[in-house]
Amino acid sequence: MVDRSLWVGWLALMWLAASPLLADQGELEPDSPEAPYWVAAESRWSIGSRFVYQDYRLDFAADDDLPSLAYQPNSPWGLELSLGYNGYNLSWIVYEYADRDKADYVSTTRRDIQFRSYKNHWGYELYYQDYRGFYGESEDLIIQRDDIRSRKIGASGFYLFNAEHYSLQAAFEVNERQLRSAGSWLLFAHAAQYQLSAEHPFIPPELQKMDNAFVELNGLNHFSSEHLSLGAGYSHTWVREGWFLNTTLMGGPALQRQRFEWHKDQRDTWELGYDVGFKLGVGWQQEQLRTALTMHLHQSTFRLPKGELHIQSGAIAFELGYLF
């Protein structure tokens with residue numbers, strides 16, 4: 001079991017250790033109003049690492065105003081490495097840590113690979129996530145489910161209106177630097193394919209008998225969805241003497257084709273859901289070094305007969321990147 005307080009202390013020490021290195025790089029904010037708002041690092045390699053606390057949940061909620069069932073993996077802590085060149089970035093999880101005793105909860109295997117590119121007005125993201133082994137909590141009940149597997153593959157595209165003054169890449173990567181405070185409205189499109197499967201029904205026998213809250217979900221052991229969402233948002237970065245603060249908020253409706261395996265029967269339906277995303281980052285970036293604390297939240301909602309499935313993802317990370 002990993003002691004969270006030790007991790008928080010370690011991240012704080014890493015932050016303090018990196019700050020003197022960054023202080024020697026000079027001022028980030030330009031003195032001249034004619035200076036550019038952001039600068040790109042052309043044809044240069046970058047490396048980075050992130051110590052991540054990932055909160056990933058599968059929340060089954062019945063229509064009745066009764067307790068929901070939330071499944072989550074037992075691997076929230078992880079080390080992520082990234083490699084970038086000329087604005088293209090690839091990252092993957094190389095090590096993960098269990099948060100709770102595997103014997104009392106569950107052992108989780110996890111894969112997470114992402115590719116990102118942000119160029120002027122346009123941005124693209126590709127990702128693949130695979131979790132196997134979840135534990136569930138509903139009131140005082142702990143449920144071990146090493147048979148549940150969640151897979152997600154998807155792509156996102158962004159269009160930035162104010163690319164002359166604002167860099168989306170500078171907000172999230174070391175390859176570009178925002179020199180002056182600016183922001184921009186943006187449009188996004190997100191397409192994803194979800195697969196959630198288990199050898200046994202997601203709702204265990206213990207909960208099937210509780211006040212009929214999950215009676216309409218009994219027998220469900222496979223769910224998949226093609227998911228297309230379109231929306232808008234706003235992103236802004238404040239810059240002062242090398243420090244930066246970024247906030248990004250996006251949201252929009254989602255069209256979903258959903259397929260279920262239900263008591264050995266199959267159902268195929270179309271539903272309307274929604275996507276909501278929020279990112280927050282604060283850090284210090286100079287010509288070659290970037291350090292930051294970041295947070296992001298994302299939720300996709302799927303309509304089930306007599307209930308909903310919420311797939312929630314959130315992360316808090318300490319980032320350290322270097323530009324060659």
Side-chain angles (χ1 to χ4, degrees), residues 54-64 66-76 102 105-113 126-138 141-155 190-229 253-275 298-314:
Q54 179 86 29
D55 185 17
Y56 183 76
R57 292 175 181 268
L58 310 173
D59 191 358
F60 291 89
D63 276 344
D64 300 324
L66 292 169
S68 63
L69 171 61
Y71 284 114
Q72 58 189 11
N74 190 21
S75 61
K102 295 180 181 181
Y105 287 83
V106 74
S107 177
T108 299
T109 58
R110 169 184 170 189
R111 296 181 180 88
D112 193 335
I113 303 173
L126 304 174
Y127 61 87
Y128 173 75
Q129 296 175 327
D130 189 343
Y131 292 82
R132 185 180 183 95
F134 289 75
Y135 68 90
E137 293 181 305
S138 184
L141 187 63
I142 305 296
I143 306 163
Q144 291 182 318
R145 295 299 302 268
D146 57 4
D147 63 316
I148 292 181
R149 184 178 185 182
S150 171
R151 286 177 290 177
K152 179 181 177 183
I153 183 170
H190 176 220
Q193 206 275 340
Y194 297 87
Q195 286 192 4
L196 186 61
S197 60
E199 297 176 6
H200 307 287
F202 296 124
I203 309 302
E206 298 93 324
L207 292 183
Q208 294 178 12
K209 303 175 183 179
M210 291 177 57
D211 301 322
N212 292 323
F214 297 101
V215 66
E216 295 293 341
L217 301 181
N218 293 351
L220 178 65
N221 70 339
H222 182 85
F223 168 82
S224 64
S225 173
E226 283 76 41
H227 178 97
L228 176 63
S229 61
L255 182 63
Q256 304 160 353
R257 182 185 181 185
Q258 303 176 1
R259 290 185 291 274
F260 312 91
E261 288 187 8
W262 205 292
H263 296 291
K264 298 183 179 180
D265 190 14
Q266 294 187 351
R267 302 186 185 183
D268 193 330
T269 65
W270 290 87
E271 297 287 348
L272 186 64
Y274 62 87
D275 262 352
H298 182 268
Q299 175 172 302
S300 296
T301 298
F302 303 91
R303 184 67 187 170
L304 304 175
K306 301 297 183 179
E308 291 182 338
L309 168 63
H310 305 283
I311 299 182
Q312 303 170 356
S313 176

Heavy-atom closest pair (Ser75 atom, Arg110 atom, distance to 0.1 Å) is O-NH1, 2.7 Å

Q) Does the pair Arg259 and His222 meet the rule for a side chain to side chain contact (heavy atoms under 4.5 Å, CB included), with working shown? A) CA-CA 8 Å; Arg259 290 185 291 274; His222 182 85; 5.9 Å; no

Here the pair of heavy atoms bringing Tyr56 nearest to Pro73 is O-CD, 3.1 Å

**OP:** Dump the intermediate steps for side chain to side chain donor-acceptor pair (under 3.5 Å) on Tyr71 and Ser150, then the final yes or no.
**Re:** CA-CA 11 Å; Tyr71 284 114; Ser150 171; over 6 Å; no

Side chain to side chain donor-acceptor pair (under 3.5 Å) between Tyr135 and Gln72, worked out
CA-CA 6 Å; Tyr135 68 90; Gln72 58 189 11; 2.5 Å; yes

Nearest heavy-atom approach of Ala70 to Arg57 is CB-NH1, 4.2 Å

Check your understanding: Taking Asp275 for the side chain and Ser229 for the main chain, is one N or O donor matched with an acceptor at less than 3.5 Å?
Key -> no

(message) Contact between Leu58 and Phe202 at the side-chain level, heavy atoms closer than 4.5 Å - yes or no?
(response) no

Value for CZ (Phe134) from CZ (Arg149), rounded to nearest 0.5 Å, stands at 10.5 Å

Minimal heavy-atom distance between Gln256 and Gly273, with the atoms involved, is NE2-CA, 3.7 Å

Separation between CD (Gln258) and NE2 (His227), nearest 0.5 Å, reads 10.0 Å

TODO: Over 60° means perpendicular and under 30° means parallel, so classify the ring planes of Tyr127 and His190, tilted if in between.
DONE: tilted

Show the numbers, then the answer: is there a side chain to side chain contact (heavy atoms under 4.5 Å, CB included) between Leu309 and Leu196? CA-CA 11 Å; Leu309 168 63; Leu196 186 61; 4.1 Å; yes

So do the side chains of Tyr131 and Lys152 get within less than 4.5 Å of each other, counting heavy atoms only?
no

(message) Within the 4.5 Å heavy-atom criterion, are Arg151 and Gln193 side-chain neighbours or not?
(response) no

Value for CD1 (Ile153) from CG (Asp130), rounded to nearest 0.5 Å, stands at 10.5 Å

When rounded to the nearest 0.5 Å, the distance separating CG of Leu228 from CZ of Arg257 is 13.5 Å

- Taking the side chain as every heavy atom from C-beta outward, state whether Arg145 and Val106 have any pair of such atoms under 4.5 Å apart. no

Exercise: do Gln54 and Ser313 side chains pair donor with acceptor under 3.5 Å
yes

Under 3.5 Å: donor-acceptor pair, side chain of Asn74, backbone of Gly133: no

To the nearest 0.5 Å, atom OG of Ser107 lies from atom CZ of Arg132 at 11.0 Å

Heavy atoms of Ser300 and Tyr194 approach each other most closely as OG-OH, 3.1 Å

Q | Side chain proximity check, Asp55 to Gln312, heavy atoms < 4.5 angstrom | A | no

